Amino acid sequence: MKNTDKRIGIISNRKRQSQEVYYLLKDKLRKNNFILNDKNPDIVISIGGDGMLLSAFHKYENQLDRVRFVGLHTGHLGFYTDYRDFELDKLIENLKLDTGAKVSYPVLNVKIHHGDGEVSVKRALNEATIKRSGRTMVADVVINQVHFERFRGDGISVSTPTGSTAYNKSLGGAVLHPTIEALQVAEVASLNNRVFRTLGSSIIVPKKDKIEVIPTWSDRHSLSIDNQHFLYNNLSKIEYQIDHHKIHFLATPSHTSFWNRVKDAFIGEVEE
Ligand code: NAP
Ligand code: MN
């Protein structure tokens, strides 16, 4: 593919620093004969943090098979961001050398069954978290048609491998390498005593397994899908599986290894 055949979309947050990078990048891409196209892009560049990459994912979630993403971070490196704002020229060079290589990671498919029989489907790049508004959530957790436990507590988070370093990690979940195709179910403040019992630890389920969360009370629940939030007044069931589509990232020489990112984000250098 020649540069002139590659359609590039750019999405940026509103911070001044990101906006400056946005215009600079646009200019450099034009000078190098790339076509700017936000509607049907082959490559999407997100400018901002991991949160911005989540927004880019949701903007193009119906075109996942064609699009490859690149994250450019104004500040430190993120989990979904490969370039920093002073590396624009390096990014342009890598785009010129690009032959279509990609790295792909699993996406979460969430099927929401409403009390009136309606079903809606959403996708998550990080995780989906269900909570009951204001009261203890009581829900049956079913894995592959087997009743696993009756959960009582604040809520349940189901995360992807790349989402395992986000909310899942704060919940005490494990960090999962993104080449492992699995989902992680983590409890949010479960109630455990002599009467009520849940497993207590997070679980990692393989590809093709289906997790179902069936609330006992169908009243007000909130569902957070990455950085989006929804409220439901009549919820009968949520099903979680690995989606048929993956997210593709542009594979570039700058792609920092996953364990390096984890170390960089959470540990830093050890003092001698
Ligand atoms: P935010 O509240 O602005 O950011 C939450 C933080 O999580 C930011 O530092 C963000 O990085 C980082 N982050 C996002 N995805 C990550 C990933 N896959 N691995 C490691 N860190 C990640 O919200 P946001 O930026 O829109 O991100 C939404 C995400 O925030 C949700 O999907 C959820 O995972 C997470 N969250 C975490 C908690 C918690 O830990 N208690 C609570 C609510 C939500 P950037 O600064 O680069 O954007
Ligand atoms: Mn953010």
Side-chain angles (χ1 to χ4, degrees), residues 11-19 21-22 44-61 69-85 87 103-110 122-131 133 153-190 202 204 221-231 238 240 242-243 246-249 254-268:
I11 170 167
S12 166
N13 67 21
R14 301 204 172 275
K15 286 189 187 143
R16 210 193 59 184
Q17 204 187 355
S18 303
Q19 290 291 317
V21 174
Y22 174 80
V44 169
I45 302 173
S46 104
I47 304 172
D50 287 330
M52 202 56 220
L53 198 288
L54 294 173
S55 301
F57 166 80
H58 287 290
K59 182 170 179 191
Y60 296 101
E61 65 174 280
F69 293 87
V70 190
L72 202 147
H73 209 306
T74 39
H76 56 95
L77 265 190
F79 279 88
Y80 294 117
T81 47
D82 272 320
Y83 294 88
R84 279 169 291 177
D85 49 359
E87 297 177 309
V103 278
S104 310
Y105 300 131
V107 164
L108 169 66
N109 181 288
V110 187
K122 296 187 186 299
R123 293 194 178 112
L125 180 55
N126 269 351
E127 80 286 291
T129 306
I130 179 75
K131 289 180 180 172
S133 311
D154 281 0
I156 292 171
S157 149
V158 179
S159 67
T160 64
T162 51
S164 69
T165 49
Y167 190 38
N168 169 74
K169 187 175 180 300
S170 303
L171 297 173
V175 170
L176 212 63
H177 194 282
T179 52
I180 300 171
E181 292 189 79
L183 295 176
Q184 184 163 183
V185 184
E187 301 181 343
V188 187
S190 62
S202 76
I204 294 167
H221 286 77
S222 70
L223 181 70
S224 301
I225 303 263
D226 302 334
N227 49 7
Q228 306 177 329
H229 310 283
F230 306 91
L231 284 171
I238 307 186
Y240 308 86
I242 291 184
D243 200 79
K246 290 185 144 192
I247 181 169
H248 308 297
F249 287 91
S254 311
H255 196 79
T256 318
S257 87
F258 181 70
W259 298 122
N260 261 316
R261 282 167 205 258
V262 174
K263 179 191 164 182
D264 197 56
F266 299 113
I267 301 168

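Being a predicted model, the structure only gives us computed values, none of them experimental. Remember, it's 1-based here, ligands and their atoms both numbered in the order they're listed.
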Query raised in the report: Does the separation of the ring centres of Phe79 and Phe266 fall below 6.0 angstrom?
Result: yes
Query raised in the report: Thinking salt bridges, do Lys246 and Glu181 make one under a 4.0 Å N-O criterion?
Result: yes
Would you mind running through ligand 1 and noting each atom that sits below 4.0 Å from a heavy atom of [X]?
X      : value
Leu54  : 27 (O), 28 (C)
Asp226 : 31 (C), 32 (O)
Gly51  : 24 (P), 25 (O), 26 (O), 48 (O)
Tyr80  : 18 (N)

Around [atom], find the nearest protein heavy atom and jot down its residue, atom name and distance.
atom                    : result
atom 16 (C) of ligand 1 : Ala166 CB, 3.6 Å
atom 29 (C) of ligand 1 : Asn126 ND2, 3.9 Å
atom 38 (C) of ligand 1 : Tyr167 CD1, 3.3 Å
atom 26 (O) of ligand 1 : Asn227 CB, 3.2 Å
atom 45 (P) of ligand 1 : Asp50 N, 3.5 Å
atom 32 (O) of ligand 1 : Glu127 OE2, 2.7 Å
atom 19 (N) of ligand 1 : Thr165 OG1, 2.6 Å

Query raised in the report: Pick one: which of Lys131, His229, Glu127 meets side chain to side chain contact (heavy atoms under 4.5 Å, CB included) with Ser224?
Result: His229
For [atom], state whether the nearest protein heavy atom is under 4.0 Å away.
atom                    : answer
atom 6 (C) of ligand 1  : no
atom 2 (O) of ligand 1  : no
atom 12 (C) of ligand 1 : no
atom 23 (O) of ligand 1 : no
atom 34 (O) of ligand 1 : yes
atom 9 (O) of ligand 1  : no

Answer whether the closest heavy-atom distance between the side chains of [X] and [Y] falls below 4.5 Å.
X      : Y      : value
Glu61  : Val107 : no
Val21  : Ser12  : no
Phe57  : Asn126 : no
His177 : Trp259 : yes
Tyr80  : Ile247 : no

**Report entry** Pairwise distance CZ(Arg123) to CG(Asp226) - rounded to 0.5 angstrom
**Finding:** 12.5 Å
Report summary line: In this structure, OG1 of Thr162 is separated from CG of Asp50 (nearest 0.5 Å) by 9.5 Å
Cut-off 3.5 Å, side chains only: do [X] and [Y] have a donor facing an acceptor?
X      : Y      : result
Gln17  : Asp85  : yes
Ser18  : Thr74  : yes
Tyr167 : Ser159 : no

Query raised in the report: Hey, is Gly78 one of the residues with a heavy atom under 4.0 angstrom from ligand 1?
Result: no
Requested in this report: Would you check whether Lys169 reaches within less than 4.0 Å of ligand 1, judged by its heavy atoms?
Outcome: no
Report summary line: Honestly, for Met52 the part within reach of ligand 1 (heavy atoms, under 4.0 Å) is neither
Report task. Kindly identify the option in Pro161, Ser170, Gly49 whose heavy atom sits closest to atom 40 (O) of ligand 1. Result -> Ser170
